[in-house]
Engineer: 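Shown below is the structure under consideration.
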Amino acid sequence: MGTGNVTILGINGHVGRAAARAFVAAGWKVKGMGRADRAPIAGVSFVLGDAGVQSDIEAAIADADVVMNALNLPYDKWDKGRAEAQLATVIAAMGHSGKTMMFPGNVYNYAATDRVMVPTTPQRPETPRGAIRVRQEQMLERASKAGLFKTIIVRAGDFFGPDNTGDWFDQAMMMDVAKGKIHNMDALDLAHTWAYLPDLGRAFVKLAETRQTLAPFENFHFAGHFVTNGAVMAAIQTASPRKLKVTPVPWMVLQLMGIAMPVIREVLKMRYLWQNPMQLSDPRLDTILGPNFATPLNDAVAASVGHYFAKDMIAA
């Protein structure tokens, strides 16, 4: 069980909250830093801090063995060096500490033509946003190989989980559930990589607990659920107490919305991720996590959509 202290930077974000819950469940002493304690998590000590202020981060991580860097700028604020600058502040705060930083990665680093990505797959980003992620990981690799601290990257697919909002699953697939409709992102027979957040959080814990056996810089791929759009639609329908109609995502409507909404405009640039089946694979991580680690798809989806039906959001 718990083997130390962990500080979660970005405690209010998707992966930050999932990791915090998993570390608490495993018996760790957990701190969470953010600009506000928006939704307190049992067992997490909140630390008020600004991720742009090095001294705030230093204070928050002072007694941490592991630092979970779950910081993420708004989707339309990554450019102009801002994402790299935020990470540089964290790296400076880590100093020559020998601590372990955990960093959530994604598939943006890879080309749309890549079909199965393992940790050694060459990174050929498709978009400027992907190039930013590559540069961030290179920053971490340089710092870790210089002996400043360890880095463990855990790359995962699109998030979904209980009460999770503000992602594709919530804002696109489930956005019309109150009207009795759910949306498939593309062809029903196309596969996509998903990360069930409670499972991903447990994966971070498992790697944190084995950090002493790992190299200074590690890049793991969390397989999650690589399943067709049709399988996800079917799982949602199975979990629903009422009939749901499956319809395509209204991409044209989203494009029109993007004219006035910068975040949606930037999100739409990543549509290629839904048009190409890109699978994460890592036999080494699978061995570390052990057999039957993942929550079955139907159970994970049911836990993720239950609150929609509990609130009676679907019209009769």
Side-chain angles (χ1 to χ4, degrees), residues 4-24 28-106 108 128-129 132-144 146 148-154 159 163-167 197 200-201 204 208 261-263 266-267:
N5 299 340
V6 59
T7 295
I8 314 288
L9 305 177
I11 189 61
N12 293 311
H14 300 172
V15 71
R17 295 183 67 78
R21 292 188 179 103
F23 275 107
V24 168
W28 285 61
K29 182 178 179 181
V30 183
K31 289 183 179 179
M33 193 193 88
R35 295 191 182 203
D37 195 7
R38 296 177 188 168
I41 299 172
V44 176
S45 299
F46 178 74
V47 179
L48 183 66
D50 185 335
V53 178
Q54 182 177 331
S55 59
D56 283 3
I57 298 174
E58 290 172 343
I61 69 174
D63 62 349
D65 306 298
V66 173
V67 177
M68 175 77 183
N69 184 1
L71 298 168
N72 199 16
L73 291 169
Y75 215 65
D76 60 330
K77 305 297 183 185
W78 288 28
D79 60 354
K80 300 179 181 179
R82 287 176 286 198
E84 293 97 322
Q86 183 183 72
L87 180 58
T89 301
V90 178
I91 290 173
M94 291 285 286
H96 202 300
S97 64
K99 300 177 188 291
T100 296
M101 183 192 294
M102 311 200 81
F103 188 79
N106 57 36
Y108 298 1
R129 181 165 282 100
I132 290 169
R133 295 299 301 216
V134 170
R135 291 195 294 271
Q136 286 183 307
E137 292 184 18
Q138 290 172 341
M139 292 166 66
L140 292 171
E141 184 174 13
R142 287 193 295 269
S144 296
L148 303 183
F149 52 83
K150 281 190 171 185
T151 296
I152 301 173
I153 293 174
V154 182
F159 299 151
D163 299 315
N164 193 55
T165 60
D167 51 29
L197 282 167
L200 181 59
F204 274 109
M261 302 174 68
V263 172
E266 291 302 311
V267 165

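In this chain, numbering begins with 1 at the start of the sequence shown.
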Engineer: When rounded to the nearest 0.5 angstrom, what is the spacing between CE in Met94 and OG in Ser144?
Structural biologist: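 If I round to the nearest 0.5 Å, the distance is 8.0 Å.
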Engineer: Between Ala20 and Val44, what is the shortest heavy-atom contact and its length?
Structural biologist: CB-CG2, 4.0 Å
Engineer: Mind listing the closest non-hydrogen atom pair of Phe204 and Met102 along with its distance?
Structural biologist: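 Where Phe204 meets Met102 most closely, the heavy atoms are O-CE, 3.3 Å.
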Engineer: For the residue pair His14 and Phe159, does the interplanar ring angle fall in the parallel (under 30°), tilted (30 to 60°) or perpendicular (over 60°) class?
Structural biologist: perpendicular
Engineer: What is the minimum heavy-atom distance between Gly10 and Leu71, and which atoms define it?
Structural biologist: N-CD2, 3.6 Å
Engineer: Check whether Asp65 reaches the backbone of Asn5 with its side chain - one donor and one acceptor, N or O, closer than 3.5 Å.
Structural biologist: yes
Engineer: Is any side-chain heavy atom of Asp63 closer than 4.5 Å to one of Lys31?
Structural biologist: yes
Engineer: Taking atom CD1 of Ile132 and atom CG of Asp79, what is their separation to the nearest 0.5 Å?
Structural biologist: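 So the CD1 of Ile132 and the CG of Asp79 are separated by 6.5 Å.
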Engineer: Does any non-hydrogen side-chain atom of Leu140 lie less than 4.5 Å from one of Leu87?
Structural biologist: yes
Engineer: Which heavy atom in Asn72 sits nearest to a heavy atom in Gln86, and how many Å separate them?
Structural biologist: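 Taking Asn72 first and Gln86 second, the nearest heavy atoms are N-OE1, 4.1 Å.
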Engineer: Can you see which heavy atom on Ala70 is nearest to which on Val15, and at what distance?
Structural biologist: CB-CG1, 3.7 Å
Engineer: Hey, what do you get for CG (Asn69) to OG1 (Thr7), rounding to the nearest 0.5 Å?
Structural biologist: 11.5 Å
Engineer: Would you say Gln136's side chain and Ala83's backbone share a donor-acceptor pair under 3.5 angstrom?
Structural biologist: yes
Engineer: So, taking the atom named CD in Gln138 and the one named CD in Glu141, what distance separates them when rounded to the nearest 0.5 Å?
Structural biologist: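 Between Gln138 CD and Glu141 CD, I get 7.5 Å after rounding to 0.5 Å.
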Engineer: Do the side chains of Val67 and Phe149 get nearer than 4.5 Å, heavy atoms only?
Structural biologist: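 They are not in contact (no side-chain heavy atoms under 4.5 Å apart), so the answer is no.
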Engineer: Among Ile8, Ile152, Leu9, find the one that has a side chain to side chain contact (heavy atoms under 4.5 Å, CB included) with Met68.
Structural biologist: Ile8
Engineer: With rounding to the nearest 0.5 angstrom, report the CH2 to CZ distance, Trp78 to Arg129.
Structural biologist: 5.5 Å
Engineer: Is a side-chain N or O of Lys99 found less than 3.5 angstrom from the main chain of Ala64, in a donor-acceptor match?
Structural biologist: yes
Engineer: Under a 3.5 Å distance rule, please check whether Asp56 uses its side chain to pair with a backbone N or O of Asp50 as donor and acceptor.
Structural biologist: yes
Engineer: Taking atom CZ as the centre, does Arg82 end up with more than 12 heavy-atom neighbours from other residues, nucleotides or ligands that are less than 6.0 angstrom away?
Structural biologist: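 Result for CZ/Arg82: enclosed.
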Engineer: Locate the shortest heavy-atom distance separating Ile91 from Ala143; write the atom from each residue and the value.
Structural biologist: CG2-CB, 4.2 Å
Engineer: Could you give the distance from CD1 (Ile11) to CG (Asp37), rounded to the nearest 0.5 Å?
Structural biologist: 8.5 Å
